[in-house]
Amino acid sequence: MAVFLPKGTRDFLPLQMRQRRQVIETVRAVFVRHGFEALETPAFERIETLTGKYGEEGDRLIYKILKRGKGGEQGEADLALRYDLTVPFARVLSMNQDLRLPFKRFQMQPVWRADRPQKGRFREFWQCDVDVAGSTSPAAEAECLAVATESLQELGFTGFTVLLNDRRILASFARLLGVEAREGALLVALDKLDKVGKDGVSAELTGRGFPPELPERLWALLDVPAENDAALDALEARLDQGGRDGVAALRQVLSLSAALGVDLSRVQVAPTLARGLDYYTGPVYEIVVADGGVGTVAGGGRYDGLIGLLSGREVPAVGIALGLERLLTVMEERGMFADLTPEAEVFVTVFSPALLEASLKVGAGLRARGIPVEIYLGDRKLKAQFKEADARKSRWVVVVGPDEATAGTLTLKDLRRGGQRVCAIDEAAEAILTG
RNA sequence: GUGGGUGUAGCUCAGCUGGCAGAGCACUGGAUUGUGGUUCCAGGGGUCGUGGGUUCAAGCCCCAUCUCCCACCCCA
């Protein structure tokens, strides 16, 4: 029988698990250092909690769960797998109005999207998400950028860029161009700029029925200096009040980020950055890496209306999510993982069936001294067991043969350096622990 | 949802204008009677994704189908 993994999913074998845990633990340490607290939510939500929050495209990609019993046979769904961690977080805020605000939480869990898989894109993937609820201060955005860039740096990333924009700037473009009602379509076309170029975007805009002169006017609005402050000055001069609010917010985000230690040479104001999710209301940002072929490794922004939409109680919020498998894809391709050895560096052999208990006792003794130990559970001869230990990249091999069993000692061999000694268990433990 | 590739040993792949299914790595046994990584010798492994068709003969040609990958859309 041929068996297949569901499309867009993967098994994580021990080697992958070591890499994933290394990344998760590094990121978690940064999150905790910034005062974020752990939170987890169920894999699925009531479907009405999720729909209508992400936009038309997003809604289409939500995995729905059929009703149990009669309704399910008609194709009715009342539950759905979570699409991101932001909306469940907003639901938690809505249901727990006694949480002290501002509330900072991190969440690292899988999310599901009924997408077509490709490089760096899966149907089940993990997000490492931090959010701040109850703060309108741009310092909250700055915290998000600081936490994300520090995470990348501690993982060993050197080349990455933070792209920064504000939804109000984009809305202002639409108003100034007189196409306020079609802001969404404008943004979708604009977002493709770095892929299809100006001509491509122009063609798409006119193709979508925008006035023929609109592209030129749009390029004029977007023609800003590369340097961040100069770009914001230029935008401020030509946008309406709404757009200027966005510009002012970005100025503060930049200066507060710098105060938190973010390297502003990595941050680029990008007036064309759109981001597809409907719930964003203010600053939005994305972190991209040049190589690795996955593009975006993190994204987020401010969503001041989402919690109010769920509970009627307006709570401003802002967050950022790192995509775990995108980080892993790039790290793998860049060779950023050291040779990860197995958890148990000590391999205890079993000399013969008669000496199994002697080996178990030695293994238990080493474990009692805090040493992770793998005891051989197969039935092959000693030579094969040494090969096994070598193949598993164990550092140490312990042999308890007739001589050792009689003398109450063990043989400890260092596979890395090659030497071995016969000694008591305390001396062996000492040697292992001191490397 | 749209388009383009792909599938042969556990893994990476080769296989010519159709003519006996291959290599490297991995694995197993031995040279070594209590010791790995190097070397040498020997060996086990395949419904050629699946189902049809053409042919004396199909891994190769034709049709269908599935898988995975890549790109679009959108996103982490």
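By convention in this document, chain letters (A, B, ...) are assigned in the order of the sequence lines, proteins followed by strands, and residues within each chain are numbered from 1.
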Here the distance between atom P of B:A76 and atom CD of A:Glu124, to the nearest Å, is 17 Å
Of all heavy-atom pairs linking A:Ile307 and A:Ala90, the shortest is CG1-CB, 3.7 Å
A:Pro110 side chain reached by A:Arg82 side chain, heavy atoms, under 4.5 Å:
yes
- Query: Just to confirm, is there a sub-4.0 Å distance from OP1 or OP2 of B:C68 to any side-chain nitrogen or oxygen of A:Lys7?
  - Reply: yes
CD (A:Glu25) with more than 12 external heavy atoms under 6.0 Å: yes
B:G24 and B:C66, which share atom name P, separated by this distance in whole Å:
38 Å
Picking from B:G1, B:U35, B:G36, the nucleotide nearest the side-chain atoms of A:Leu382 would be B:U35
note: A:Tyr83, atom OH; B:A76, atom P; distance rounded to Å ~ 7 Å
- request: Quick one: label A:Asp84 by what it contacts on the DNA or RNA (base, sugar-phosphate, nothing), any heavy atom closer than 4.0 Å.
  value: nothing
- Message: Would you say A:Gln118 places a side-chain N or O within less than 4.0 Å of OP1 or OP2 belonging to B:C70?
- Response: no
Winner on side-chain proximity to A:Glu57, out of B:G36, B:C74, B:G34, is B:C74
From CD of A:Glu56 across to C1' of B:C74 the rounded distance in Å is 12 Å
Readout for nucleotides 26-31 of chain B: B = base within 4.0 Å of protein heavy atom, S = sugar-phosphate only, - = neither; 5' to 3' it is --SSS-
**Study point:** Distance under 6.0 Å and angle within 45° of ring axis: A:Arg266 vs A:Phe160
**Key:** yes
With sugar-phosphate meaning primed atoms plus P, OP1 and OP2, does A:Gly55 contact a base, only sugar-phosphate, or nothing at under 4.0 Å between heavy atoms?
nothing
Contacts of A:Tyr303 meeting ring-ring contact (aromatic ring centres under 6.0 Å, His included) (sequence neighbours excluded), chain-then-number -> A:Tyr279
Just wondering, do A:Met108 and A:Val27 contact through their side chains at under 4.5 Å, heavy atoms? yes
Nucleotide by nucleotide, nucleotides 4-11 of chain B touches protein heavy atoms under 4.0 Å in the pattern (B base, S sugar-phosphate only, - none) --------
When A:Gly8 and A:Tyr54 are each assigned the nearest nucleotide of RNA chain B, the 5'-most assignment goes to A:Gly8
From CZ of A:Arg113 across to P of B:G1 the rounded distance in Å is 19 Å
_Over 60° means perpendicular and under 30° means parallel, so tell me whether A:Tyr54 and A:Tyr83 are parallel, tilted or perpendicular._
tilted
Rounded distance in Å between the C1' positions of B:A26 and B:C68: 23 Å
Margin query: Regarding A:Gly58, tell me which of base, sugar-phosphate or nothing describes its non-hydrogen contacts under 4.0 Å with the strands shown.
Written below: nothing
Atom CH2 of A:Trp112 and atom P of B:A76 are separated, to the nearest Å, by 16 Å
Is it possible for you to check whether A:Arg113 lies under 6.0 Å from the centre of the six-membered ring of A:Phe125, through NZ or CZ, and within 45° of that ring's axis?
no
Check: If we take the P atom in both B:U2 and B:G7, what is their distance in whole Å?
Finding: 24 Å
Quiz item: Would you say A:Ser137's side chain and A:Ala139's backbone share a donor-acceptor pair under 3.5 angstrom?
Solution: yes
Using a 4.0 Å heavy-atom cut-off across all strands, classify A:Arg275 as base, sugar-phosphate, or nothing. sugar-phosphate
Would you measure the distance from the P atom in B:A9 across to the matching atom in B:C48 and give it in whole Å? 10 Å
> Just checking A:Thr411: base, sugar-phosphate only, or nothing, at a heavy-atom cut-off of under 4.0 Å?
Replying inline: base
Against the side chain of A:Glu325, the closest entry in B:A71, B:C74, B:A76 is B:A76
Note: contacts of residues 142-152 of chain A with RNA chain B (heavy atom, under 4.0 Å) are none
Does A:Leu5 reach a base, just sugar-phosphate, or nothing at all? Heavy atoms under 4.0 Å.
sugar-phosphate
Mind checking A:Asp129 for me? I need base, sugar-phosphate or nothing, with any heavy atom below 4.0 Å counting as a touch.
nothing
Intra- and inter-strand pairing of RNA chain B, written as dot-bracket with Watson-Crick and G-U pairs under 3.5 Å and | for the latter, reads (((((.(..((((.....[..)))).(((((.......))))).....(((((..]....)))))).)))))....
B:C40 and B:G45: how far apart are their C1' atoms, nearest whole angstrom? 22 Å
Side-chain contact check for A:Arg116: nearest option of B:A76, B:U2, B:G36 is B:U2
**Request:** Provide the distance between the two P atoms, one in B:C70 and one in B:U65, to the nearest whole Å.
**Result:** 23 Å
Side-chain donor/acceptor contact of A:Glu404 with base of B:G34 under 3.5 Å: yes
What nucleic acid atoms does A:Val297 come within less than 4.0 Å of, heavy atoms only: base, sugar-phosphate, or nothing? sugar-phosphate
Those residues at least two apart in sequence (or on a different chain) that pass salt bridge (Lys or Arg N to Asp or Glu O under 4.0 Å) with A:Arg60 are A:Glu57
message = Closer than 3.5 angstrom, by distance alone: can the side chain of A:Arg326 be matched with the main-chain N or O of A:Thr296 as a donor-acceptor pair?
response = yes
message = With rounding to the closest Å, how many angstrom separate the P atoms on B:U67 and B:G49?
response = 16 Å
P spacing across the pair B:U8 / B:G46, given as an integer number of angstrom: 15 Å
Atom CZ of A:Arg46 with >12 non-hydrogen neighbours under 6.0 angstrom | no
Point to revise | Ring centroid separation A:Phe106 to A:Phe36 under 6.0 Å | key: no
I want to check a possible cation-pi pair here: A:Arg392 against A:Phe347, using under 6.0 Å from ring centre and within 45° of the ring axis as the test.
no
_Would the base of B:G36 count as contacting A:Asp390 through its side chain, where contact means a donor and an acceptor less than 3.5 Å apart?_
yes
Under the criterion salt bridge (Lys or Arg N to Asp or Glu O under 4.0 Å), I'd like the reasoning laid out for A:Lys119 against A:Glu333: C-alpha separation, chi angles, the key distance, then a yes or no.
CA-CA 12 Å; A:Lys119 181 162 187 174; A:Glu333 290 198 5; 2.7 Å; yes
Whole-Å distance, A:Arg395 CZ to B:G36 P, equals 19 Å
To the nearest angstrom, the CD-P distance between A:Gln107 and B:A76 comes to 15 Å
**Asked** Does the side-chain ring of A:Phe351 lie flat on the base of B:G34, meaning centres under 5.5 Å and planes less than 30 degrees apart?
**Response** no
Rounded to the nearest 0.5 Å, the OG1 atom of A:Thr86 sits from the CG atom of A:Asp131 at a distance of 5.0 Å
Can you find a donor-acceptor N/O pair under 3.5 angstrom joining the side chain of A:Gln385 to the base of B:U35?
-> no
Practice task
Using a strict cut-off of less than 4.0 Å between a Lys/Arg side-chain nitrogen and an Asp/Glu carboxylate oxygen, indicate whether A:Lys64 and A:Asp78 qualify as a salt bridge.
Solution key: no
When rounded to whole Å, the OH to P distance for the pair A:Tyr280 and B:C74 reads 15 Å
- Can you tell me if A:Glu154 uses its side chain to pair, donor with acceptor, with the backbone of A:Ser151 under 3.5 Å? no
Practice item. Look at all strands and tell whether A:Ala389 reaches a base, only sugar-phosphate, or nothing, counting heavy atoms closer than 4.0 Å. Key: nothing
